[in-house]
Engineer: 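The structure's right below; bear with me while I get my questions together.
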Amino acid sequence: MIRKNNPQELRLSPTETDQWQKNGYFIRHDQFAAQEIAEFQRAAKQATIHAQQAKSGGKTYFLDHKRFVDTQSATLQYEHYADAQELRVLEPVHHFQQTLEALVDDPRLVSPMQGLIGQQKLALWTTKLNLKPAGGSGFGWHQDSPYWMHNCEHVDRLPNVMITLDPQHETNGCLRIISGSHKRGILPGTNDGTSLGGFFTNPANFDLDEQRAMVVDSGACIFFSPHAVHGSDANPSAQSRRALIFTYQPGNHPMLKNGQIRNVN
Ligand SMILES: O=C(O)CCC(=O)C(=O)O
């Protein structure tokens with residue numbers, strides 16, 4: 001059942017607070033109606049078109065043979081096969097489309113985030129669109145906090161919410177989280193000599209048996225800690241597995257990519 005836009009009803013429940021502390025994540029199913037999800041899907045498509053159009057003026061670089069393009073307003077990550085033209089991640093994404101800009105202020109995201117961050121006044125840290133197209137690549141086990149700690153002094157207070165735009169199964173590369181891994185703060189990377197290796201969590205520091213597959217329908221919200229070790233498999237299915245990930249922070253602090261302050265209304 002979709003919750004009403006009643007801030008009282010949207011607050012963290014004691015069970016969710018408990019799950020957050022114990023597991024580093026919790027899930028709310030059925031947060032958005034099919035019509036809203038269809039609108040987010042349309043907005044996501046338009047955002048990728050606009051971002052791809054802007055990329056000719058951007059700066060292209062490769063890390064471990066993976067292509068990235070930084071434009072004035074976003075970073076585009078491409079799929080990992082040679083000469084891929086297909087986008088894998090667009091960050092940030094909300095500013096490309098009014099629907100996504102408005103979603104930043106949606107009480108279904110903001111109210112629980114106020115509880116997780118522990119204050120009313122919030123700002124946005126970053127937003128991502130993970131496209132995971134048919135045949136798209138997975139994400140190795142990592143925490144977000146090691147990526148962010150150099151740009152932020154409150155890295156413990158950057159909770160994520162994944163808003164699912166397609167059903168997510170074990171067979172299309174759903175998000176996986178190592179339950180309880182957030183409790184140990186920032187963990188060592190793999191240091192395997194690659195450029196990105198340091199950002200992938202050293203497997204000696206978490207227990208794979210504690211992984212939980214986030215099997216949900218579209219319209220779900222998966223709230224997870226910036227310290228939670230997480231990742232996902234590739235998508236061998238014939239359909240995309242799209243998701244938005246919005247990350248919030250205490251108010252009046254600048255966003256990750258553009259340094260602007262985007263307070264939540
Ligand atoms: O979309 C996914 O499956 C994982 C995303 C992820 O780990 C990330 O964006 O940091």
Side-chain angles (χ1 to χ4, degrees), residues 23-25 27 44 48 61-69 74-81 84 86-93 125-149 155 158-179 181-182 186-192 194-203 205-208 210-216 218 220-237 239-247 256-257:
N23 306 327
Y25 71 89
I27 300 173
T48 58
Y61 53 100
F62 291 82
L63 296 172
D64 302 331
H65 309 289
K66 294 163 182 158
R67 180 156 71 112
F68 296 77
V69 178
T75 299
L76 288 69
Q77 288 184 38
Y78 285 84
E79 276 302 336
H80 294 165
Y81 56 89
E86 203 158 14
L87 263 190
R88 160 180 151 92
V89 177
L90 177 58
E91 178 181 11
V93 65
W125 170 244
T126 191
T127 58
K128 277 186 276 192
L129 170 64
N130 289 359
L131 289 148
K132 205 175 271 202
S137 51
F139 291 76
W141 293 111
H142 67 282
Q143 300 173 296
D144 292 328
S145 45
Y147 286 92
W148 295 336
M149 66 179 181
V155 79
L158 301 174
N160 296 298
V161 56
M162 176 185 265
I163 303 124
T164 56
L165 304 188
D166 294 298
Q168 324 261 317
H169 307 294
E170 303 223 30
T171 50
N172 68 0
C174 68
L175 178 69
R176 291 169 183 272
I177 297 178
I178 306 286
S179 184
S181 57
H182 67 298
I186 295 177
L187 296 167
T190 60
N191 292 326
D192 60 1
T194 62
S195 303
L196 296 169
F199 291 117
F200 293 106
T201 313
N202 188 319
N205 290 285
F206 61 92
D207 183 357
L208 268 183
E210 292 302 315
Q211 67 177 286
R212 305 285 181 267
M214 303 290 119
V215 176
V216 295
S218 53
C221 289
I222 304 165
F223 293 85
F224 63 102
S225 160
H227 294 308
V229 177
H230 62 285
S232 60
D233 292 335
N235 175 14
S237 81
Q239 276 90 38
S240 302
R241 193 239 64 183
R242 293 161 291 183
L244 294 162
I245 301 182
F246 286 8
T247 309
L256 171 65
K257 289 276 179 190

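Just so it is clear, the model here is predicted, and its values are computed rather than measured.
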Engineer: Listed by chain and number, what are the side-chain hydrogen bond (donor to acceptor under 3.5 Å, both in side chains) partners of His80, not counting sequence neighbours?
Structural biologist: Arg88

Engineer: Could you pull out all residues at least two apart from Ser232 that satisfy side chain to side chain contact (heavy atoms under 4.5 Å, CB included)?
Structural biologist: Lys132, Phe139, Arg241

Engineer: Who passes side chain to side chain contact (heavy atoms under 4.5 Å, CB included) against Asp207, sequence neighbours left out?
Structural biologist: Asp209, Glu210

Engineer: Please find the pair of heavy atoms, one from Thr190 and one from Pro203, that lie closest to each other, and give the distance.
Structural biologist: CG2-CD, 4.3 Å

Engineer: To the nearest 0.5 Å, what is the distance between OG on Ser145 and CG on Leu187?
Structural biologist: 7.5 Å

Engineer: Do Met214 and Gln168 come close enough that some side-chain heavy atom pair is under 4.5 Å?
Structural biologist: no

Engineer: Got a sec, which residues hit ring-ring contact (aromatic ring centres under 6.0 Å, His included) with Phe246, two or more places apart in sequence or on another chain?
Structural biologist: none

Engineer: Measure the spacing between CG of Asn235 and CG of Leu131 and express it to the nearest 0.5 Å.
Structural biologist: 11.0 Å

Engineer: Taking the side chain as everything from C-beta on, heavy atoms only, tell me whether Pro188 gets closer than 4.5 Å to Asn205.
Structural biologist: yes

Engineer: Going by heavy atoms in the side chains, are Phe200 and Asp192 under 4.5 Å from each other?
Structural biologist: no

Engineer: Is any side-chain heavy atom of Trp125 closer than 4.5 Å to a side-chain heavy atom of Asn160?
Structural biologist: no

Engineer: In Å, rounded to the nearest 0.5 Å, how long is the span from OG of Ser218 to CG of Leu165?
Structural biologist: 8.0 Å

Engineer: Minimum heavy-atom separation for Met162 to Ala243, with atom names?
Structural biologist: CG-CB, 3.7 Å

Engineer: Using the test side chain to side chain contact (heavy atoms under 4.5 Å, CB included), find all partners of Asp64 that sit at least two apart in sequence or belong to another chain.
Structural biologist: Thr194, Ser195, Leu196

Engineer: Could you state the interatomic distance from CG (Asn202) to NE2 (His142), rounded to the nearest 0.5 Å?
Structural biologist: 15.5 Å

Engineer: Check salt bridge (charged side-chain N to carboxylate O under 4.0 Å, His left out) between Glu86 and all other residues, then give those that pass, not counting sequence neighbours.
Structural biologist: none

Engineer: Identify, with sequence neighbours excluded, every residue that meets side chain to side chain contact (heavy atoms under 4.5 Å, CB included) alongside His182.
Structural biologist: Ser225, His227, Ala228

Engineer: Test: salt bridge (charged side-chain N to carboxylate O under 4.0 Å, His left out). Region: residues 161-174. Which pairs qualify, not counting sequence neighbours?
Structural biologist: Asp166-Arg242, Glu170-Arg176

Engineer: Go through Glu91 and Thr126 one step at a time and tell me if the side chain to side chain contact (heavy atoms under 4.5 Å, CB included) criterion holds.
Structural biologist: CA-CA 7 Å; Glu91 178 181 11; Thr126 191; 2.7 Å; yes

Engineer: Please list, chain by chain and in numerical order, all residues satisfying side-chain hydrogen bond (donor to acceptor under 3.5 Å, both in side chains) with Lys128, sequence neighbours excluded.
Structural biologist: none

Engineer: Please list, chain by chain and in numerical order, all residues satisfying side-chain hydrogen bond (donor to acceptor under 3.5 Å, both in side chains) with Thr48, sequence neighbours excluded.
Structural biologist: none

Engineer: Just how far is it from atom OG1 of Thr247 to atom CG of Leu256, taken to the nearest 0.5 Å?
Structural biologist: 9.0 Å

Engineer: Using the side-chain hydrogen bond (donor to acceptor under 3.5 Å, both in side chains) criterion, which residues pair with Asn23? Sequence neighbours excluded.
Structural biologist: Ser179

Engineer: Taking the side chain as every heavy atom from C-beta outward, state whether Pro146 and Val155 have any atom pair closer than 4.5 Å.
Structural biologist: no

Engineer: Judged by atom type as modelled, is there a donor-acceptor pair below 3.5 Å linking the side chain of Thr201 to the main-chain atoms of Val229?
Structural biologist: no

Engineer: Say whether Ser137 and Glu79, considering side chains only, have a donor N or O and an acceptor N or O under 3.5 Å apart.
Structural biologist: yes

Engineer: Return the set of residues passing ring-ring contact (aromatic ring centres under 6.0 Å, His included) with Tyr61 (not counting sequence neighbours), or none when no residue passes.
Structural biologist: Phe68

Engineer: When rounded to the nearest 0.5 angstrom, what is the spacing between CG in Leu175 and CG in Asn130?
Structural biologist: 9.5 Å

Engineer: Begin from the C-alpha positions of His230 and Tyr25 and carry the test side chain to side chain contact (heavy atoms under 4.5 Å, CB included) through to its verdict.
Structural biologist: CA-CA 11 Å; His230 62 285; Tyr25 71 89; over 6 Å; no

